[in-house]
Amino acid sequence: MFENFTFENPSWFWLLLAIPLAIFWYWNKRGKQTATLKISSTKGFTKSPLAQLRPLLFILKMLALVFLIIAMARPRTVDVTTKVKKTEGIDIIMAVDISASMLARDLQPNRLEALKEVANDFVVGRPNDRIGLVIYAGESYTKTPLTSDKSIIINAINDLQYTQDIQGGTAIGMGLATSVNKLKNSKAESKVIILLTDGENNAGFIDPATATQLATEYDIKTYTIGVGSNGMALSPVGIKPNGQFQYRNTEVKIDEDLLKTIAQSNGGKYFRATDNEKFQSIYEEIDALEKTEIEEFKFYNYGEKYRLFLLIAAGLLFVEFLLKYTLFRSFV
């Protein structure tokens, strides 16, 4: 209710400290100014109730002073209108490996599910950018084209899953080339690919070196992420008759030299996600490295409210004046 209520001159509130002093002075002076008369009997006198109400005049004065001080502090409401102008946009393609090895359980609950969580946070944190999604295994295709509608991207990320409809293997060159194809005609000031894999390039008809050259030619920066713990990981090695995966500890093989070369060729950076916490920190670092510059304009509309407090103070003084020279006149 009072979030947009401010005071232009709050230093006037220091005067409120004088009110307790004024109350002390009034009661002290009132006792000294009361005349005493000694008589043998008070039976012939009736005590008027108005005499007991005479301090009301002082109370009205103090209340008027309080409202006057509030008015001097210049209360006002502030209506802030913000206009954001994007000065530099970033188009981002997230290229995600969805091969069967992404179901390995060295990240919890598995690599693919861990990716979904951090990728969603990344997307939500970039409201001013367009983001698209490319998926690949032994082949690649566009899951979602570049869009500024974050709900579409988040839904697409949540729908990511391993499927046998895509040829098996890991076609890193294909995933990168498809991503470049989605960004090559972009008019954005900055174009970025975040390529994620947990294996080695062993499929596809486009060599990673060729795809890297294309990314460099179109001035597309590539961040590469190798997913998987060092050593062994509980990974799917087959499918049981009931359709469930059979897991076994297998060696984690990631072509880190290739991923480093891809990233370094066009100004990107290579990361290794060995656990959930590291995965989260990688996306946070990329988020910090790729910032969209914006201009923010704020317009302030002030509504002055001191007049109301002045009127209340004047009204209280007027009531005090009327009571003093009417009902309480004989007690002055």
Side-chain angles (χ1 to χ4, degrees), residues 83-98 115-116 118-137 139-160 166 171-197 201 204-225 258-271 282-296:
K83 182 179 179 181
V84 177
K85 179 183 178 183
K86 185 168 65 174
T87 59
E88 181 183 345
I90 299 178
D91 280 353
I92 302 172
I93 289 291
M94 301 172 67
V96 179
D97 182 352
I98 60 166
L115 161 72
K116 291 181 182 182
V118 296
N120 278 335
D121 292 340
F122 178 79
V123 170
V124 171
R126 307 195 68 87
N128 300 305
D129 301 323
R130 295 196 305 169
I131 300 177
L133 184 63
V134 167
I135 59 176
Y136 68 96
E139 54 187 341
S140 69
Y141 67 88
T142 302
K143 177 77 170 177
T144 305
L146 286 168
T147 178
S148 57
D149 190 334
K150 300 305 181 292
S151 63
I152 293 177
I153 296 298
I154 290 173
N155 288 335
I157 292 173
N158 290 333
D159 287 341
L160 288 178
I166 300 179
I172 295 175
M174 293 284 291
L176 181 57
T178 302
S179 301
V180 171
N181 186 53
K182 294 292 120 181
L183 285 172
K184 66 179 182 180
N185 297 321
S186 168
K187 303 299 182 183
E189 293 291 331
S190 181
K191 295 173 284 188
V192 173
I193 294 172
I194 302 175
L195 185 142
L196 179 145
T197 184
N201 186 73
F205 56 85
I206 298 179
D207 184 69
T210 302
T212 301
Q213 186 177 353
L214 288 172
T216 304
E217 181 180 342
Y218 287 106
D219 194 25
I220 300 173
K221 187 184 298 184
T222 305
Y223 293 99
T224 56
I225 304 175
L258 172 61
L259 297 180
K260 289 177 182 178
T261 300
I262 293 173
Q264 294 170 359
S265 297
N266 44 49
K269 189 174 180 180
Y270 167 70
F271 302 91
I282 288 171
Y283 269 89
E284 289 174 355
E285 184 173 347
I286 295 175
D287 184 51
L289 289 171
E290 297 295 333
K291 284 297 184 184
T292 298
E293 296 181 7
I294 60 174
E295 289 181 352
E296 184 176 82

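Keep in mind that the numbers below use all heavy atoms, side chains included, and drop hydrogens, waters and symmetry copies. Keep in mind the model is a prediction, meaning the values are calculated, not measured.
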Reported [atom1]-to-[atom2] distance for the pair [X] and [Y], which is rounded to 0.5 angstrom:
X	Y	atom1	atom2	answer
E284	D121	CD	CG	8.5 Å
D91	D129	CG	CG	7.5 Å
N181	S140	CG	OG	9.5 Å
I92	E290	CD1	CD	7.0 Å
T222	L176	OG1	CG	5.5 Å
Y283	I194	OH	CD1	5.5 Å

**OP:** Flag the pair I286 / I225 as yes when at least one side-chain heavy-atom distance between them is below 4.5 Å, and no otherwise.
**Re:** yes
Of the non-hydrogen atoms in [X] and [Y], which two are nearest, and what is the gap between them?
X	Y	result
I172	N201	N-OD1, 2.8 Å
I193	S179	CD1-CB, 3.5 Å
L196	Y136	O-OH, 2.8 Å
D97	A137	OD1-CA, 4.4 Å
L183	K191	O-CD, 3.3 Å
V96	L133	CG2-CD1, 3.9 Å

Between [X] (side chain only) and [Y] (backbone N and O only), is there a donor and an acceptor less than 3.5 Å apart?
X	Y	result
N155	S151	yes
N158	I154	yes
K221	S190	no
T224	A263	no

Sequence neighbours excluded, the answer for side-chain contact (heavy atoms from CB on, under 4.5 Å) partners of S265 is T212, T216, T261
Applied to residues 139-153, the salt bridge (Lys or Arg N to Asp or Glu O under 4.0 Å) test, sequence neighbours excluded, yields none
The residue among I98, T178, T144 that forms side chain to side chain contact (heavy atoms under 4.5 Å, CB included) with I135 is I98
Of L289, I282, N266, L259, the one forming a side chain to side chain contact (heavy atoms under 4.5 Å, CB included) with Y223 is L289
### Message
Between E285 and K269, does any side-chain N to carboxylate O distance fall below 4.0 Å?
### Response
yes
Counting only heavy atoms not in D159, do more than 12 fall under 6.0 Å of its CG? yes
